[in-house]
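To start, the structure itself, in structure tokens.
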Amino acid sequence: MTAELSISITVNGTLRHLTVNAATTLLDALRWQLNLTGSKECCAEGECGACTILLDGRAANSCLVLAAEADGAEITTVEGLEGAEGLDALQEAFLQEGAVQCGFCTPGMIMASHALLRHDPHPTPAAVREGLSGNLCRCGCYPRIVKAVMRAADRRALS
Amino acid sequence: MTSRAADSDRAVGTPARRVGGYERVTGKQHFVGDVRLDGLLHVKLVTLDCGHARIISVDGSAAMALPGVVDVVTAADLTDPTWRYGPVYHDRPILAVHETKFHGEPVAAVVAETERVAKLAAALVRVEYDELDAVLTIAEALDPTSSLVQDASLRAGPFAGTNTLREWNFGWGDVDQASADVVIQNVYTFPMVTHFAIEPHVFLAAPDQQDGICVWSAVQHPFALQQVLATLLDLPLAKVRVIAPDPGGAFGGKQHAKFEPLLAFLALRIRRPVRLALTLAQTFQAVRRSAFEINIRSGFSSDGEVRFQDIVCNGLLGAYADIGPRVITKATYLACGPYRTPDARVHVRALLSHTAPATAFRGFGTPQVAWAVESQMDEAARQLGLDRVEIRLKNLAARGEDVVRGDRPADGDWAEAVRKAAAAIRWGEPLPARRGRGLAVAIKSLATTGSSYAIVRLHVDGSATVLAGTSDMGQGARTVLAQVAAEELGLDVGAVQVVMGDTTMVPFDLQTSASRSTVFMGSAVFEACRDVKAQLKAMAASAFGIEPADVEIGDGVVTLPSRKLTLREVLAEAFAGVPGEVIGVGSRRGEQDLEHPLGGAPAFYEFSCTAVEVEVDAHTGELTIVRHVSVADVGKALNPAHVEMQDEGAAIMGLGHTLMEHIVLDDHGRIVNLGALDYRILTTKDVPLELDSLLVENADGPGPYGSKGAGEGGLFAVSPAVASAVTEATGVVIRQLPLTAERVWAAIKQSDS
């Protein structure tokens, strides 16, 4: 059997200490050991984006990151977005633009959008489409998702 | 809380915010894969690396020896004859018996303390098998020398010894006597595609304390599953609980029992909770759309009127029938499309093959038949020198005219939708080079029979709980039902809680499919609210010493001869001494008509028109959808935003099978393009540059407020519209899908040479 390792990761601002199997993915550690089930498993091979989280501020497919690799890192999941004042600009924009149907791709999509806006706070629609091309949505919300990201970018620009 | 304020986030016809939206953007929404149970065991399936094989022996001893393995189960551990299930035929075994019939059919199930151990153990199960020839195509299924997919003993009837599951004949008039100035005959093919919901299938089962069972599945039809389990396990319905969390996308792939019976059997055998999570690849192996090959001979007059349609349709199902026969009959019953067709003959076959079971998939056969009949319309227009919109307007059935002789006539102003689409796509205006436009239409027969029941509980503080068995898989059923209750009781949507997805908690609903829920469940909720209001009237009369006939209720206001009260005030008065609540029950039933070929006439038709402008890159064959318009005739949009979302989503899904999706099989019957990398669906970069959903609302539907259903239409006519645009742009005509860059490029090259 593979080894057990002790790791420390900061998740949504809180330092967590975990014992993980060396083969455990970050996605599984988040979902099953930290009970943060917002990040989803779909393809489990980094193609669909459903498991997207922020690792040290950059988008990562958590199904392709070993939990042990994330030792010492800062992780943000969808559960970490809502603040004391309520939903963040992206979450609110997704709802207002109707960019959510079944909702399964939504956490990954919102996290990827966060990374996109960090990288490019004033994207064009084409840049948004490019930036989110690694996040699959079968309900077909793409046009509204792009509008939501543009809306959130505008709102952030105003604030 | 009960009075109507200026807030528009409540009434029917407004884009009320999605109920469950907050949960979905915060990660709080619990999907079936997020369910946690104490003491859970994990299941992995043992499958073979081919489509069709004879099982010689299964040796689970090495697997059982692995620490943490609890059980290894094969068909030998089940009854003999083995349990079989299926919505049309009870043909599907829980585990493969003697033979595996499709790539991914389980031979054994391993149960272990962790998922990792279960996976390791599954690899240790030794299956001795002989690979057999697999029937993988329509031609092979029709070939009498091919091996039999199903034992003849499984079904009686004239086709028992063949790979034809069944044949049907529809039609009217006399095609052989019909005359036509132009006869066009072509063969159109529509490939196998798979649902690819972003949520793969996950199932859990656990015995409960009183010798019953609880099963978790993101199933669209919880009550149908409940019945399947009760029958297989010989349990009363009252002891079978199905908990169905909102699916993360379903599209028909989560309608009928897949591995829930296996899980239920394991849970009762081991007396512990068990969980099976399919990988995405395994999900591809589990569900797909029926592939069609349609040979269509169409007769037209010289001025473009349809004279006859003579159609032979072969639908390729998988190894087990699932709901495939229904897909085929429902769609081919309307194979002539939404037109006046004087004479028609439709001969249909459902064929079995050693492939994944073809099940329901959004559109339910309509995209396949529309591909053929609409492409014929375009061909006729080209040959007769007619405009492709004009030829459709000329033949479209007007309201009240037959589309199938003697059946429900056209129930919408379909020409209005076509004109709207044509205007939106700027039909007839000049186009740059390498661009073309296409327009196509289709109808689908909606729910024919069925039933939905709903309970509405009005609480003493004026809030309400709606109990309904509909599945909200993204279409927004929760929101729409909350809006109906809010409208009828004069509440804010925020004061209405909608409970779904638990057969123990909510009353019976037949299914969530066929775009039926707004009509059937919406009506049931409407009726339940009517029941609540009738009771309130009686309560108000009793509390204030007047006749019920002198009480009016509307918009949350109770009007008595002498004064007006809010609902809350009436409730407070009625329940002042002893507390309580008002419980309303409603239902809607569509009874069977056994004389009807489909078991009942459609409650309504879902009509859709798609118009596209496409640019073709002749060097690569790549298509850019410059503009895509989808027009849906919905009667009344209870939530316009949700209808548009569904229509746009359907349009994008339709572009999937039009431009890129197809399951590729090798000679062994293995799916070659398993997974997200090799099975292409649209990404953000593939969407139309402009996508518009337009609605036609004439309040002419059978649902509440004149609503019809929606959600499938945007898919129906995408392929023929795009192909027609490609023909206008390049001159090439393509009759197979998908219109991959390779296929388009090759067609252009061939026509250039």
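Residue numbering restarts at 1 for every chain, and letters A, B, ... go by the order of the sequence lines.
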Exercise. Does the side chain of B:Ile198 come within less than 4.5 Å of A:Leu136's, by heavy atoms?
Worked result: yes

Exercise. Okay, side chain of B:Arg18, backbone of A:Leu95: is any donor-acceptor separation there less than 3.5 Å?
Worked result: no

Exercise. Where the side chain of A:Tyr142 meets the backbone of B:Gly649, is there a donor-acceptor pair that is under 3.5 Å apart?
Worked result: no

For this session: Walk me through it: do A:Arg138 and B:Glu661 pass the test salt bridge (charged side-chain N to carboxylate O under 4.0 Å, His left out)?
Result: CA-CA 13 Å; A:Arg138 192 53 156 159; B:Glu661 291 180 48; 2.7 Å; yes

Problem set entry | B:Tyr22 versus chain A, the contacting section by heavy-atom distance below 4.5 Å | both

Exercise. Minimum heavy-atom separation for B:Thr684 to A:Arg129, with atom names?
Worked result: OG1-O, 2.5 Å

For this session: State, with a plain yes or no, whether a side-chain heavy atom of B:Arg116 is found less than 4.5 Å away from one of A:Asn21.
Result: yes

Seminar exercise, completed: So, the part of B:Glu199 with a heavy atom under 4.5 Å from chain A: the answer is both

For this session: Apply side chain to side chain contact (heavy atoms under 4.5 Å, CB included) to A:Leu87 and B:Val25, showing your working.
Result: CA-CA 9 Å; A:Leu87 298 176; B:Val25 298; 4.2 Å; yes

Exercise. Which one of A:Cys105, A:Cys102, A:Gly98 has the most heavy-atom pairs closer than 4.5 Å to chain B?
Worked result: A:Cys102

Exercise. If you tally heavy-atom pairs under 4.5 Å against chain A, which of B:Leu682, B:Leu655, B:Thr279, B:Asp246 wins?
Worked result: B:Leu682

For this session: Name the region of A:Leu132, side chain, backbone, both or neither, that has any atom closer than 4.5 Å to a heavy atom of chain B.
Result: both

Exercise. Under a 4.0 Å N-O cut-off, is there an ion pair linking A:Glu97 with B:Arg17?
Worked result: no

For this session: Could you tell me whether A:Glu79 and B:Lys28 make a salt bridge, using a distance below 4.0 angstrom between a side-chain N and a carboxylate O?
Result: no

For this session: Determine the option with the most heavy-atom pairs under 4.5 angstrom with chain A, choosing from B:Thr283, B:Ile652, B:Leu280, B:Asp34.
Result: B:Asp34

Problem set entry | Residue among B:His642, B:Glu644, B:Glu23, B:His195 with most heavy-atom pairs under 4.5 Å to chain A | B:His195

Problem set entry | Proximity of residues 31-51 of chain A to chain B, residues having a non-hydrogen atom under 4.5 angstrom | A:Arg31, A:Trp32, A:Asn35, A:Thr37, A:Gly38, A:Lys40, A:Glu41, A:Cys42, A:Cys43, A:Glu45, A:Glu47, A:Ala50

For this session: Heavy-atom distances under 4.5 Å only: say whether A:Glu82 touches chain B with side chain, backbone, both or neither.
Result: side chain

Exercise. Can you tell if the side chain of B:Phe251 reaches within under 4.5 Å of the side chain of A:Cys139, non-hydrogen atoms only?
Worked result: yes

Exercise. Can A:Gln101 and B:Gln475 be said to form a side chain to side chain contact (heavy atoms under 4.5 Å, CB included), step by step?
Worked result: CA-CA 6 Å; A:Gln101 290 190 46; B:Gln475 85 280 40; 5.9 Å; no

Exercise. By a 4.5 Å heavy-atom criterion (distance strictly below it), what part of B:Met473 contacts chain A: side chain, backbone, both, or neither?
Worked result: backbone

